[in-house]
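Each chain gets a letter, A, B and so on, in the order the sequences are listed, and its residues count up from 1. Just so we're clear, the structure is a prediction, and the values are computed from it rather than from any experiment.
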2 protein chains.
Amino acid sequence: MAGRPVDHQRRAELLDAVVDYTVEHGFSEVSWRPVAAALGVSPTTLVHHFGTKEQMLVAILGRLRERIRAATSDRAGQQPDLAMAARAAWQRTSDPQQWPEFRLFFAVYGRALQAPQQFEGFLDRVVADWMSALVDEQGPDTDPATATRTATLVIATIRGLLLDLLATGDRDRVQDAAESFLASLE
Amino acid sequence: MAGRPVDHQRRAELLDAVVDYTVEHGFSEVSWRPVAAALGVSPTTLVHHFGTKEQMLVAILGRLRERIRAATSDRAGQQPDLAMAARAAWQRTSDPQQWPEFRLFFAVYGRALQAPQQFEGFLDRVVADWMSALVDEQGPDTDPATATRTATLVIATIRGLLLDLLATGDRDRVQDAAESFLASLE
DNA sequence: TCATTTCTAGTACGGATGTACAAAGAATAA
DNA sequence: TTATTCTTTGTACATCCGTACTAGAAATGA
């Protein structure tokens, strides 16, 4: 038994580059040849590492999820209370440097809504990921029903405001509304 | 000077059928041949009425906008106050019968965020359409800055909750959060 | 009637797409 | 070394795409 070992790191490098391309050019523009050309490799190389195109798209989603989580999760993993956590989350999501990634996020979100079977895991996690963290952040003293209600509202409001921000670019107006909402949590 | 007159009604019929197809099969699945086959016409017929594919997509967006507006706008065109207007808007948007249309709406929204030049008019209007109506609804007595802030928050929250609802289908949880938000407006 | 314009359909062409296949180079274990 | 497996590349094929072109049918005004 022998043979060249599988190069997992190579796949990770390629995937990161592919996600960069997708963030820049759009989710609907992903196809073997243009991506491969941008990366300086042959299309066959991508096929070898990712299998089918659909599997590659799923891999992109997974990596995107990690990136967004890394960019928006709490540094130490915990905040004193929900209001602070929500404020920290908004502060990070409203950073223009993250906008390209969020544009891709919403592009995938919209597409997943019209092709649920293709991106099943995405829709399952898109709310649940944040929900559990935000519920925990409210502590064991908070009524579970209230905690869930508040967490749902925080997720929805932040995402709705982000949608507005990405579409209009009107930072002043959206930030003003965000401040109003965050203040209501305290 | 003579000739067969242009049949605008025919174009409107086709457009409605095309929007039906798009709502059902997804925005990214729109191409001449499958759509034409589903409508029982030749692809050339669609090309004749809509010009290029991009022009057809723009036409779809316009018709979708009319549909959503017709389904969610106030019956008599006015409500006593913002809280009632927001409640009425949420009641109509959370109706499962409208979900397919909203799925398409968010699919286009996400795509427009990654191809702004292609759907320029969409992003310009996607917030402004509701904004003016919601500001007006607060009456002339309300401070303009406050009215804008509140309107921004109403739009963002309703859309964020709708995103959650479409992704998870968890009506109870989302409705509970919506009630909480709507109550805070009174 | 006849000329003119629209509507519909058929055909064809260049290009892009996903993917299968074969071949060559590189890295491991025996 | 040899055998084996992974990596990369080039080629090829069937399919789909948008769209241009042609031609006939239908509907109008002169």
Partners of [X] by side-chain contact (heavy atoms from CB on, under 4.5 Å), sequence neighbours excluded?
X	result
A:E179	A:R87, A:Q175
B:P140	none
B:D7	B:Q9, B:R10

Please name all residues satisfying ring-ring contact (aromatic ring centres under 6.0 Å, His included) with A:F102, sequence neighbours left out, ordered by chain then number.
none
By ring-ring contact (aromatic ring centres under 6.0 Å, His included), which residues pair with B:F50, not counting sequence neighbours?
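Listed in chain order: nothing, the list is empty.
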How many Å lie between CG on A:L46 and P on D:dG10, as a whole number?
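My rounded result for the distance is 13 Å.
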Is the number of heavy atoms from other residues, nucleotides or ligands under 6.0 Å of A:Q91 CD greater than 12?
no
Could you check whether atom CD of A:E186 has more than 12 heavy atoms from other residues, nucleotides or ligands sitting under 6.0 Å from it?
yes
Between B:P100 and B:V23, the two heavy atoms sitting closest are CB-CG1, 3.4 Å
Do any pairs count as a ring pair (Phe, Tyr, Trp, His ring centres under 6.0 Å) and have a residue in residues 160-186 of chain B, sequence neighbours left out, and if so which ones?
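For residues 160-186 of chain B, and leaving out neighbouring residues, there are no ring pair (Phe, Tyr, Trp, His ring centres under 6.0 Å) pairs at all.
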Report all side-chain donor-acceptor pairs from residues 127-134 of chain B shorter than 3.5 Å, counting only partners two or more places apart or in another chain.
{"residue": "B:D129", "atom": "OD1", "partner": "B:R65", "partner atom": "NH2", "Å": "3.1"}
{"residue": "B:D129", "atom": "OD2", "partner": "B:R65", "partner atom": "NE", "Å": "2.7"}
{"residue": "B:D129", "atom": "OD2", "partner": "B:R65", "partner atom": "NH2", "Å": "3.1"}

Please collect all salt bridge (charged side-chain N to carboxylate O under 4.0 Å, His left out) contacts where either partner lies in residues 151-177 of chain A, sequence neighbours excluded, each pair once.
A:D164-A:R173, A:D170-A:R173, A:D176-B:R149
Where do N or O atoms of nucleotides 26-28 of chain D meet protein N or O atoms at under 3.5 Å, pair by pair?
{"residue": "D:dA26", "atom": "N3", "partner": "B:R4", "partner atom": "NH1", "Å": "3.4"}
{"residue": "D:dT28", "atom": "O2", "partner": "B:G3", "partner atom": "N", "Å": "3.2"}

Between B:H48 and C:dA9, is there a side-chain N or O to OP1/OP2 distance below 4.0 Å?
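For C:dA9, neither OP1 nor OP2 has a side-chain N or O of B:H48 closer than 4.0 Å.
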Does C:dA9 have OP1 or OP2 under 4.0 Å away from a side-chain N or O of B:T45?
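Yes, because at least one side-chain N or O of B:T45 sits under 4.0 Å from OP1 or OP2 of C:dA9.
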Using a strict 4.0 Å threshold on nitrogen-to-oxygen distance, state whether A:D16 and A:R67 make a salt bridge.
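The answer is yes: the pair qualifies as a salt bridge.
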Give the B/S/- string for nucleotides 16-23 of chain D, one per nucleotide from 5' to 3', where a protein heavy atom under 4.0 Å of the base yields B, of only the sugar-phosphate yields S, and otherwise -.
-BBB-B--
Any residue of residues 55-64 of chain A with a heavy atom less than 4.0 Å from an atom of DNA chain C
none
Considering only heavy atoms, which members of residues 8-22 of chain B lie under 4.0 Å from some atom of DNA chain D?
none
